[in-house]
Engineer: 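Pasting a structure here, questions to come.
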Amino acid sequence: NAGVMQNPRHLVRRRGQEARLRCSPMKGHSHVYWYRQLPEEGLKFMVYLQKENIIDESGMPKERFSAEFPKEGPSILRIQQVVRGDSAAYFCASSPRGTGNNEKLFFGSGTQLSVL
Amino acid sequence: DAKTTQPPSMDCAEGRAANLPCNHSTISGNEYVYWYRQIHSQGPQYIIHGLKNNETNEMASLIITEDRKSSTLILPHATLRDTAVYYCIVRSGMNRDDKIIFGKGTRLHILP
C-alpha cells in the first residue's frame, strides 16, 4: 500500500508564474489536508478537503491560492502569480475518515517550492 | 482543542531513553493526546496517541498522568535517526473542526 505521494518533489518557479502541487492520498483515503512550512518555522494548516468538497480553507490565503480534490485524480494545490514569500515546503496529508473521527494523519514527503 | 506546552529543545545520548514532556493542563475529558514527529526535510510521522491509559507501540511509549494534565513520550533506546522535532497535540476525537494544529514542538538532538 503506497503512502501519500506528492509531486513534484522540488519545484522552481519565477515570480509571476503559476505553481501546481499534486497530492495522491493513500488508497482508501478520501480526506486530504494541505500544510505549509516556511523555512525554520512550524507547520501551518492551509486547507482540508473531502472528495470534491472544501471543508475548511481557513488557513489558505484569500488570493492566488486555490485547492481542489476531484472525484478522480489527485488533489491539486494551485498558486497563481507566485511571489518569493511563497517559497516553502508544502505537505499533504490524508486520512480515511477525517481526524475528527480520531483518525491519524499520514503525510507525504512534501514539495519544496522555490520562487526565483 | 487544549493548548500544549513543550520544551523547545532537548538532548539525549544515543542508546539512552529519551523522555519528552508535554503539559496540557486544560485538557478536557474527551480529548486525546497525540504525538507526531518531523525528521528534517520530511513530512511529519504519527507516533502514538492515548486518552488516559498508558500506551505502547513499536516506536514509543506514552505515559499520561492520572489527572491527564501532562504526558511523557518515551523513546526507549534512542538512535541518531530519532533526531527530529516532536509535536504533542491534544484534540477531541469528536471534534467537527477536523484540522490538526501543530505547535512549535520539541527539537530532540540525539548525541553520539
Side-chain angles (χ1 to χ4, degrees), chain A residues 3-7 9-10 21 23-26 29-50 53-60 67 88-114, chain B residues 1-9 22 27-53 55 57-60 62 64 73 84-108:
Chain A
V4 178
M5 304 299 293
Q6 289 189 249
N7 66 82
R9 187 76 174 89
H10 300 276
L21 288 64
C23 170
S24 296
M26 288 182 68
H29 288 193
S30 58
H31 297 251
V32 165
Y33 305 75
W34 285 93
Y35 288 80
R36 177 166 67 174
Q37 189 167 36
L38 295 169
E40 303 304 320
E41 293 192 13
L43 289 151
K44 301 296 184 187
F45 167 80
M46 297 183 74
V47 61
Y48 160 43
L49 308 101
Q50 188 181 353
N53 294 306
I54 295 175
I55 307 300
D56 184 342
E57 55 182 349
S58 58
M60 199 150 71
Y90 292 82
F91 292 99
C92 167
S94 73
S95 69
R97 295 185 299 156
T99 54
N101 291 292
N102 201 23
E103 294 282 352
K104 53 187 182 256
L105 286 180
F106 296 84
F107 281 82
S109 298
T111 293
Q112 180 65 51
L113 172 66
S114 299
Chain B
D1 295 336
K3 180 179 169 57
T4 63
T5 304
Q6 299 178 253
S9 66
C22 179
I27 194 169
S28 61
N30 65 348
E31 289 184 313
Y32 288 73
V33 181
Y34 283 78
W35 285 84
Y36 285 78
R37 73 179 181 183
Q38 186 177 23
I39 295 169
H40 182 62
S41 298
Q42 297 183 21
Q45 175 189 27
Y46 164 84
I47 302 173
I48 198 167
H49 76 283
L51 183 62
K52 51 186 173 182
N53 297 322
E55 302 287 344
N57 63 20
E58 65 280 3
M59 289 182 69
L62 174 60
I64 303 174
L73 178 74
V85 179
Y86 288 77
Y87 298 97
C88 171
I89 298 160
V90 169
R91 65 191 316 278
S92 169
M94 298 298 293
N95 192 352
R96 289 180 59 82
D97 185 6
D98 275 341
K99 57 184 180 284
I100 288 180
I101 303 299
F102 289 83
K104 296 185 186 301
T106 294
R107 189 173 294 274
L108 176 66

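Note on naming: letters A, B, ... go to the chains in the order of the sequence lines (proteins, then strands), and numbering restarts at 1 for each one.
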Engineer: Is it the backbone or the side chain of A:Gln37 that comes under 4.5 Å from a heavy atom of chain B, or both, or neither?
Structural biologist: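 For A:Gln37, the contact with chain B is made by the side chain alone.
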Engineer: Side-chain contact, heavy-atom cut-off 4.5 Å: B:Ile100 with A:Tyr33?
Structural biologist: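 Of all side-chain heavy-atom pairs linking A:Tyr33 with B:Ile100, none is under 4.5 Å.
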Engineer: Identify which part of A:Phe106 has an atom lying under 4.5 Å from any heavy atom of chain B, answering side chain, backbone, both or neither.
Structural biologist: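 For A:Phe106, neither part sits under 4.5 Å from chain B.
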Engineer: Which residues satisfy the side-chain contact (heavy atoms from CB on, under 4.5 Å) test with A:Met5, sequence neighbours excluded?
Structural biologist: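 So A:Met5 forms a side-chain contact (heavy atoms from CB on, under 4.5 Å) with A:Ser24.
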Engineer: Once you round to the nearest 0.5 Å, how far does OH of B:Tyr36 lie from CG of A:Leu43?
Structural biologist: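 Between atom OH of B:Tyr36 and atom CG of A:Leu43 there are 11.5 Å.
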Engineer: Would you call B:Gln38 and A:Phe91 a side-chain contact if the rule is heavy atoms closer than 4.5 Å?
Structural biologist: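 B:Gln38 vs A:Phe91: side chains touch.
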